[in-house]
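Throughout, a chain's letter reflects where its sequence line sits, starting with A, and its residues are numbered from 1.
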Amino acid sequence: MLSDPLTLIDKIWDQHVVADLGSEFALLHVDRSLIHDLSGARALKTVAEIGHSVRNPELTFATPDHTVSTEPGADHVGPQYERCVKPLRRYSQENGIQMFDIGEPGHGIVHVIGPELGLTLPGTTVLCGDSHTCTHGGLGALAWGIGTSEVTHVLATQTIIQRKPKCMRINFDGILDCGVEPKDLILSVIGRLGAAAGDGYAIEYAGQAIQGMSIDERMTICNLSIEMGAKIGMVAPDNTTFEYIAGRQFAPRDEEWELAVEHWQTLPGDEDAQFDAEVMIAVAGVAPQVTWGTSPEHVTAIDGLVPDPAAEADSDKRRAMAAALEYTDLVPGTPLDGIPIDRVFIGSCTNSRLSDLRRAANLARGRRVADNVRAWVVPGSEDVKRAAVAEGLDTIFRDAGFDWREPGCSLCVGSNGETVAAGQRCVSTTNRNFVGRQGKDSKTHLVSPGMAVAAAISGRISDVRKLLN
Amino acid sequence: MQKFTRITSVAAPLMQANIDTDTIIPMSRYVTAEIDTLHQFAFEPLRFNADGSENPNFALNQRAFRGAHILIVGPNFGCGSSRETAVWAIAGLGIRCIIAPSFGSIFYANCFQSGLLPVVLPLVTVEAFAVLAETEPERAEFTVNLETCQVVPPKGASVSFQVEPFRRVALLEGLDDIGLTMKHDEEIADFQRQDRQQRPWIYLR
């Protein structure tokens, strides 16, 4: 009898089952456990308190990213270092966990460094106490975010208890128009399907547009899966993936490389595999996107208008829209293109990789940030920073009036004290425009790196395509 | 972990959709507050006015709902980050059960780690419950019974809900995941031994 055709997700899932716990629950092996300063120290402390030890320190890696200052020359002292960074350093050392520390090669945003160091590999399970762990799916890893208790469980057992998710495939047909980035594409999908559409699903992204994307770009797509409600997003590994991984610090070498590639080539789903949900998206015609509200689903094309809640038939949605517009201080019917801004942020696990910075620098070259705007570029990692400096991107940004800073999460989440002031409007390459996300009473507009540069230059939310002629 | 069998209480309605984890516990509080003080900042942007005074329109600030052990909430509750402090902040308010049409997936998983029962019911049912909760609020008691998997509203027929059997048993008996998994210790070792042959590149030492 022939076995049922399997999806990418089915295959990786099956390869990691340590024990079947019944009713669709399984105990899964965790290949890579990544910890950071926000929850890592607490989890390591708890492991010791309940009388266990870290089962596989050699499969566990630490880096401080959420609470570290990204100010150049910062002395890295203060309450958040005492509470978060120093304990992470101490417990990592005590437990034999390799930590990529501030200023060292390998340091950076946990979802930037995992792939960059070759820790994240196709077919691996990657767990981390951060919801944007789905980013690692861009390499064909089964990766998702967990809370502190589950981080503790992973540290103590190198496994996770998990119910098998349903599988959704999103097929992107066609290729992106000029000036439109993967970030725009995924934002437009979230706008179309809604912020809860992926609840209960692992999403596999497929189709012509995905096949043509670099790993950095695939990671941007996967990064926003959680903003659609799916804690897992992935892309099947292919030659682009293997080329990206080859030669990275922790990537397999020599004979093991050959074995690994052979294995990775078996991972893409069988042709006739069935999905629990399938969505077709026509890529051509998708315009650069910008959010107007307080959920990533509150998004529209740059040539659109601030929507009118009165036109929304669903009363709950109408109320939510009205509340969002009250918070973002926008009037229905206003063109988004032209709304004045105060801040620009280029960074975060969504859009802080070298290719993002190259794209932004290309647009910033020879131009000037508007006088009324403060614009930051925060590279995703020490390695991204050094590579960008070697190419002279930092000079391009500085010459254009951007602040060039050190790696970290920074203004995406404000947990390091770097925030947008109350009342200010920030155009940001990040992933969440929630109330207070970038600072109390701050307003966030999510965009692509190109759109962020266009906003910085014009001092207003602006269509990046105007810079391309 | 604290057991959950059944609870009877008034229920505070917060029907706004997409209440995210940054709203449930703002990042500035996550970094600075101790676990046992997080509840003071739960729902901070909704619960307090700009001057720090209580927003009287927020249900948990109303006399009838102050002691509520149940929340009735809108779709996609707890969407956003993986911060378990969101669950701890809510649990710190004395909440033991949240009834919603849907939850953010990581928040949902985190609830079970702290003895908080997330109940998923159809939107129309949840909306009807919210109306009942607000009608004669001080007498509108709901009973949530995990043994029978039923919610008994103050008026009308009781409603059944589903919880994954694995999670239900763990909550009923107050079992913690690490304790359960340690029983599979040998299987984990066997898995790693065999997997090392299959995928040697995974094991870095």
Side-chain angles (χ1 to χ4, degrees), chain A residues 18-19 21-25 27 29 31 38-39 50 52 58-59 67 79-80 83-84 121 124 129-131 145-150 152-153 156-159 161 163 195-196 199-200 226 229-231 250 252 256 259-260 263 295 316-317 319-320 323 413-415 432 434-437 440-441, chain B residues 15-18 20-23 26-28 30-32 35 44-46 50 74-76 79-87 102-110 113-114 123 127 164-167 176-178 180-182 184-185 187-188 190-192 195 198-205:
Chain A
V18 170
L21 303 177
S23 63
E24 295 181 356
F25 274 77
L27 187 65
H29 187 257
D31 298 335
L38 215 49
S39 58
I50 59 177
H52 293 293
E58 78 283 9
L59 305 181
T67 67
Q80 81 263 34
R83 285 179 66 97
C84 303
L121 299 171
T124 52
D130 187 277
S131 59
I146 51 179
T148 309
S149 297
E150 288 187 317
T152 307
H153 184 280
T157 69
Q158 205 57 37
T159 61
I161 295 171
R163 183 186 188 178
D199 180 32
I226 187 68
K231 60 184 181 182
F250 292 91
E256 279 192 1
L259 272 175
H263 174 71
S295 162
D316 289 326
K317 280 195 181 153
R319 268 198 303 277
V413 61
S415 48
R432 290 193 177 130
F434 295 164
V435 167
R437 173 79 177 180
K440 198 171 184 330
D441 296 324
Chain B
M15 288 303 291
Q16 182 184 324
N18 298 325
D20 57 69
T21 50
D22 281 81
T23 296
M27 185 48 81
S28 57
Y30 181 157
V31 176
T32 55
I35 291 178
E44 190 174 16
L46 299 173
N76 207 21
C79 62
S81 92
S82 63
R83 67 189 70 167
E84 202 166 335
T85 43
V87 171
S102 60
F103 288 92
S105 50
I106 306 176
F107 178 88
Y108 181 81
N110 285 340
Q113 301 290 329
S114 293
L123 178 63
E127 283 176 336
E164 293 106 339
F166 180 86
R167 291 297 176 202
D176 91 287
D177 280 0
I178 295 180
L180 288 173
T181 298
M182 283 299 170
H184 297 279
D185 196 36
E187 285 156 275
I188 300 170
D190 285 346
F191 178 93
Q192 291 191 335
D195 192 38
Q198 303 286 323
R199 303 185 306 153
W201 59 89
I202 297 299
Y203 299 87
L204 293 166
R205 273 181 228 162

Checklist entry - Which residue out of A:Gly145, A:Pro252, A:Ser23, A:Ala260 racks up the most heavy-atom pairs below 4.5 Å with chain B? => result A:Ala260

Next on the checklist: I'd like to know if B:Arg199 and A:Asp31 make a salt bridge, using a cut-off of under 4.0 Å between side-chain N and carboxylate O.
Outcome noted: yes

Checklist entry - Out of B:Met27, B:Glu127, B:Gln198, which one racks up the most heavy-atom pairs below 4.5 Å with chain A? => result B:Met27

Next on the checklist: Treating A:Arg83 as the side-chain partner and B:Val31 as the backbone partner, does any N or O pair qualify as donor plus acceptor under 3.5 Å?
Outcome noted: yes

Next on the checklist: Side chains of A:Ser39 and B:Glu84 only: does a donor on one sit below 3.5 Å from an acceptor on the other?
Outcome noted: no

Checklist entry - Heavy-atom distance under 4.5 Å between the side chains of A:His52 and B:Met182, does that happen here? => result yes

Next on the checklist: Taking the side chain as everything from C-beta on, heavy atoms only, tell me whether B:Arg167 gets closer than 4.5 Å to A:Ile161.
Outcome noted: yes

Next on the checklist: For A:His29 and B:Tyr203, take the angle between the two ring planes, folded into 0 to 90°, and tell me which bin it lands in: parallel under 30, tilted 30 to 60, perpendicular over 60.
Outcome noted: tilted

Checklist entry - Between A:Ala323, A:Cys84, A:Ser149, which residue shows the highest count of heavy-atom pairs closer than 4.5 Å to chain B? => result A:Ser149

Checklist entry - Does the B:Ser82 side chain pair with the main chain of A:Gly129, one donor and one acceptor, at a distance under 3.5 Å? => result yes

Checklist entry - Which of the residues A:Leu21, A:Thr124, A:Asp316, A:Asp441 is involved in the greatest number of heavy-atom pairs with chain B at under 4.5 angstrom? => result A:Leu21

Checklist entry - For chain A, which of B:Asn110, B:Thr85, B:Thr21 has the most heavy-atom pairs under 4.5 Å? => result B:Asn110

Checklist entry - A:Val435 and B:Asp22: which non-hydrogen atoms are nearest, and at how many Å? => result O-CB, 4.3 Å

Next on the checklist: Among A:Leu27, A:Thr152, A:Ile50, A:Leu38, which residue has the highest count of heavy-atom pairs closer than 4.5 Å to chain B?
Outcome noted: A:Leu38

Next on the checklist: As an exercise: rank B:Ala50, B:Gly80, B:Ala86, B:Gly104 by heavy-atom pairs under 4.5 Å with chain A and give me the winner.
Outcome noted: B:Gly80

Item to check | Closest non-hydrogen atom pair between A:Val18 and B:Phe191, with its separation | outcome: CG2-CG, 3.8 Å

Item to check | Leading residue by heavy atom contact count with chain A [cutoff under 4.5 Å; candidates B:Glu187, B:Gln113, B:Glu164] | outcome: B:Glu164

Checklist entry - Looking at A:Glu24, A:Glu150, A:Lys440, which has the largest count of heavy-atom pairs under 4.5 Å with chain B? => result A:Glu150

Item to check | Pairs of heavy atoms under 4.5 Å with chain B: top-ranked of A:Pro79, A:Gly22, A:Ser131 | outcome: A:Ser131

